[in-house]
There are 2 protein chains.
Amino acid sequence: MPSAIDFHFDFSSPYAYFASTQVDALAARHGRQCRWRPMLLAPAFQASGNVRLIDQPMKGVYSRHDWDRVARLHGIPYGLPDPFPVATVAAARAFWWLDATRPELAKPFGHAIFAAYFADGRNISEREVVAEVGASLGIAPADLLAAIELPEIKARLRQETEGAIADGVFGAPFLVVDGEPFWGFDRLPMVEEWLRRGGW
Amino acid sequence: MPSAIDFHFDFSSPYAYFASTQVDALAARHGRQCRWRPMLLAPAFQASGNVRLIDQPMKGVYSRHDWDRVARLHGIPYGLPDPFPVATVAAARAFWWLDATRPELAKPFGHAIFAAYFADGRNISEREVVAEVGASLGIAPADLLAAIELPEIKARLRQETEGAIADGVFGAPFLVVDGEPFWGFDRLPMVEEWLRRGGW
């Protein structure tokens, strides 16, 4: 069986949200699994000298316009949330806890977190909001709130972020196919071509 | 007749070079002209807080790899030149001089400059090299070398760069279709879709 496609992202990235609506189908078309790997982008930006799009004078204006445009093109429910961006520690930890304990819920939870933030404008930096999103999938809020304080879950997200940076991940979405890196939502067609041809 | 597509670029951008091999055919498929508009990226980077890809710790490594990969995919002759990047004042001024005086030569000259730098590894920051590239198209070197010192040609490039920045151009390639901005070689398929649908 060919190896899974790694999908590195931060729950606060609009382009990662857009990608999340397509990556599993893309992988499946080529007989692959897609492994969702939430991380924290802030340390990656620090390591790479990257700056949040929204804070860049001209690129920020372009990006706001582009997020709306991309969402319209693909029919993805989207509005720029306020506040934006936000810290996604609680959401990412909850994902990794589910991944370790109830893996069948991890991706549905990921989709629900993205939708809560970008479609419904809820503040996913708040742990209570994360717990409510989990509750909509039948996850007991108390369990989730306890889990995201567990040392091993904290360590899991830290390792994930550090490992991604060590592997060259500097932005999101960032896909890796058999070691080949692809950065950006715009690159999904190239990922597809890479899978179709087996590289070039 | 629908308005021309504006193609803003710096002759030192690999992604702009890749785009230059496709933009005219793309425009023609939709009954449009493509207007080549060389500028200097350095002031645009200053205005936008952008940093040259090659100077960014992690994105620089990714970009070098990506330029090779994109060139292979599209069958474009390419090698990372040394030195890279370079100042393209002489080449851009020569383009605008041709655009004003012998417009039928402007795009052939633009293609030849890109190829000299990215396919043949010649240092297009040197005015003598720019003059030799012109000579290959029948342009007298003495005429070109004199032209790029003319105050009105210097002013033309300055205005072009300032105008592009005022219009929100922060990187290259940067295409504008009826006021709609598209940044990056990756966006050519979206430009095509925009032209096909007349926007969305």
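Protein chains get the first letters and strands the later ones, always in sequence-line order, with residue 1 at the start of each.
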| said: Please classify the contact of B/Asp55 with chain A as side chain, backbone, both or neither, using a heavy-atom distance under 4.5 Å. | reply: neither

| Whether over 12 other heavy atoms sit under 6.0 Å from A/Arg64 CZ | no

| Worked check of side chain to side chain contact (heavy atoms under 4.5 Å, CB included) between B/Met58 and A/Val169 | CA-CA 8 Å; B/Met58 301 167 74; A/Val169 176; 5.6 Å; no

| Is the CD atom of A/Gln46 crowded by more than 12 outside heavy atoms at less than 6.0 Å? | no

| CD-CG distance between A/Gln56 and B/Asn50, expressed to the nearest 0.5 angstrom | 6.0 Å

| Heavy-atom check, side chain of A/Trp183 versus side chain of B/Lys59, under 4.5 Å | yes

| Do B/Leu41 and B/Phe84 sit in the same hydrophobic cluster, where Ile, Leu, Val, Met, Phe, Trp and Tyr count as joined when their side-chain heavy atoms come under 4.5 Å apart? | no

| task | Please look at B/Arg197 and chain A and tell me whether the side chain, the backbone, both or neither of the residue comes under 4.5 angstrom of a heavy atom of that chain. | result | side chain

| query | Are A/Ile113 and A/Ile148 linked, directly or through other ILVMFWY residues, by side chains that come within less than 4.5 angstrom of each other? | reply | yes

| Is B/Leu157 reachable from B/Phe170 through a run of I, L, V, M, F, W or Y residues, each pair having side-chain heavy atoms under 4.5 Å apart? | no

| Side-chain heavy atoms under 4.5 angstrom apart, residues restricted to Ile, Leu, Val, Met, Phe, Trp, Tyr: same cluster for B/Leu195 and B/Val176? | no

| task | Could you tell me whether A/Gln33 atom CD has more than 12 heavy atoms of other residues or ligands within 6.0 Å of it? | result | no

| request: Can you tell which part of A/Trp194 gets under 4.5 Å to a heavy atom of chain B, answering side chain, backbone, both or neither? | output: side chain

| field | Under 4.5 Å from a heavy atom of chain A, the part of B/Phe174 involved | value | side chain

| query | So how far is it from B/Met190 CE to A/Asp66 CG, rounded to the nearest 0.5 Å? | reply | 5.5 Å

| query | Between the side chain of B/Trp200 and the main-chain N/O of A/Arg69, is any donor-acceptor distance below 3.5 Å? | reply | yes

| request: Between chain B and each of A/His65, A/Arg187, A/Glu180, count heavy-atom pairs under 4.5 Å; write down the option with the most. | output: A/Arg187

| field | Joint hydrophobic cluster, A/Phe18 plus A/Phe7, side-chain heavy atoms closer than 4.5 Å | value | yes

| So which heavy atom on B/Ser48 is nearest to which on A/Pro57, and how close? | O-CD, 3.2 Å

